[in-house]
Amino acid sequence: MQLGKKGVAGAGHDTFNLPTDVGFAPNGDFYVTDGYAGARVVKYTHDGKYILEFGSRGSGPGQFDLPHNVVVDPQGKVYVTDRENRRIEVFDPNGKFLTQWPTVEGVSGLFLTKDQHIWAGGVLLDLQGKVVGRLPGANASGGHGVAVSDSGDVYLAQLSGIVQKFVKQ
């Protein structure tokens, strides 16, 4: 499967303006953030059929300046980093805006853990947006990408050219 067309920018059902991430729903549907030159999230079935899209350029509820990363929880709620507006927005499976969580800085990376917490860069949140932990160290904020190993170690990719590993204690 391939979605989008190399070298063809657009905001159609089968074109993107620089997609930034993919997040999977429990049923296999998936969401694509179309972020750097776009301001939307596009939802597809597990086999790539267009379902819907949501978002527009702006700073209001349901709008994005830069939708960068996306994760979906087991209940189907969709969490999207809006990096330049310094927040995480939460939507229902059909793109209806539910709430937003302000962030101290523009967060790019999101990762949903097995125990239903979200790493937003170097900050660990519960599914209501409450901060429940932070990675130590000055470079632990932000994070362009974040991933967690099966053993719980957190990897944080930085635009400064480094990747940090934080071993679970």
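Hydrogens, waters and symmetry mates play no part in the numbers below; they use all other heavy atoms, side chains included. Worth saying up front: this structure is predicted, and the values here are computed from it rather than measured.
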Tell me which donor-acceptor pairs under 3.5 Å the side chains of residues 72-81 have, and how far apart each pair is, sequence neighbours excluded?
{"unit_1": "Asp73", "atom_1": "OD1", "unit_2": "Gln75", "atom_2": "N", "d": "2.9"}
{"unit_1": "Asp73", "atom_1": "OD1", "unit_2": "Gly76", "atom_2": "N", "d": "3.0"}
{"unit_1": "Asp73", "atom_1": "OD1", "unit_2": "Lys77", "atom_2": "N", "d": "3.0"}
{"unit_1": "Asp73", "atom_1": "OD2", "unit_2": "Tyr79", "atom_2": "OH", "d": "2.7"}
{"unit_1": "Thr81", "atom_1": "OG1", "unit_2": "Asn69", "atom_2": "N", "d": "2.8"}
{"unit_1": "Thr81", "atom_1": "OG1", "unit_2": "Ser108", "atom_2": "O", "d": "3.1"}

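- Linking Ile, Leu, Val, Met, Phe, Trp and Tyr residues whenever their side-chain heavy atoms come within less than 4.5 Å leaves Val146 and Val22 in two separate clusters.
- The two atoms that bring Thr45 and Phe30 nearest to each other are O-CE2, 3.1 Å, heavy atoms only.
- Classification of the Tyr44-Phe16 ring pair by plane angle, with boundaries at 30° and 60°, yields perpendicular.
- In terms of hydrophobic clustering, with Ile, Leu, Val, Met, Phe, Trp and Tyr side chains grouped at heavy-atom distances under 4.5 Å, Val163 and Val154 are assigned to different clusters.
- Here the closest non-hydrogen pair linking Pro61 and Phe97 is CB-CE2, 3.5 Å.
- Separation of atoms CG (Leu110) and CD1 (Ile118) is listed at 6.5 Å; rounding is to 0.5 Å.
- In this structure, CH2 in Trp101 is found 6.0 Å from CD1 in Ile88, a value given to the nearest 0.5 Å.
- Counting only distance, with no hydrogens or angles, the side chain of Asp92 and the backbone of Asn94 share a donor-acceptor pair below 3.5 Å.
- Without hydrogens or angle criteria, Glu89 side chain to Gly62 main chain gives a donor-acceptor distance under 3.5 Å.
- Contact detail for Pro19 and Val32: the closest heavy-atom pair is CB-CG1, 3.8 Å.
- Here salt bridge (charged side-chain N to carboxylate O under 4.0 Å, His left out) pairs that include residues 112-128, with residues two or more places apart or in two chains, are Lys114-Asp150.
- The minimum heavy-atom distance linking Gln164 with Gln158 is given by the pair OE1-NE2, 3.6 Å.
- Side-chain contact between Leu135 and Trp119 is present, with heavy atoms from C-beta onward closer than 4.5 Å.
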Salt bridge (charged side-chain N to carboxylate O under 4.0 Å, His left out) between Arg57 and Asp65, worked out: CA-CA 6 Å; Arg57 177 98 37 219; Asp65 190 347; 3.5 Å; yes
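- The side-chain heavy atoms of Asn85 and Phe64, taken from C-beta on, include no pair separated by under 4.5 Å.
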Trace of the side chain to side chain contact (heavy atoms under 4.5 Å, CB included) decision for Leu125 with Val131: CA-CA 5 Å; Leu125 306 165; Val131 175; 3.7 Å; yes
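- For the atom pair CD of Gln100 and OG of Ser59, the computed distance is 9.0 Å after rounding to the nearest 0.5 Å.
- Rounding to the nearest 0.5 Å places OG1 of Thr113 at 6.5 Å from CG of Leu124.
- One distance of note links NE2 of His117 with CG of Leu127; it measures 7.0 Å at 0.5 Å rounding.
- Taking all atoms of both residues into account, the shortest heavy-atom contact from Asp82 to Gln63 is OD2-O, 3.5 Å.
- Contacts classified as side chain to side chain donor-acceptor pair (under 3.5 Å) and involving residues 23-38 (residues at least two apart or in different chains) are given here: Thr20-Thr33, Asn27-Asp29, Tyr31-Lys43, Asp34-Arg40, Tyr36-His68, Tyr36-His144.
- Summarising the geometry of Lys168 relative to Asp153, their closest heavy-atom pair is N-OD1, 2.9 Å, with the distance given to 0.1 Å.
- Between the CD atom in Glu53 and the CD1 atom in Ile51 there is a gap of 12.0 Å [rounded to 0.5 Å].
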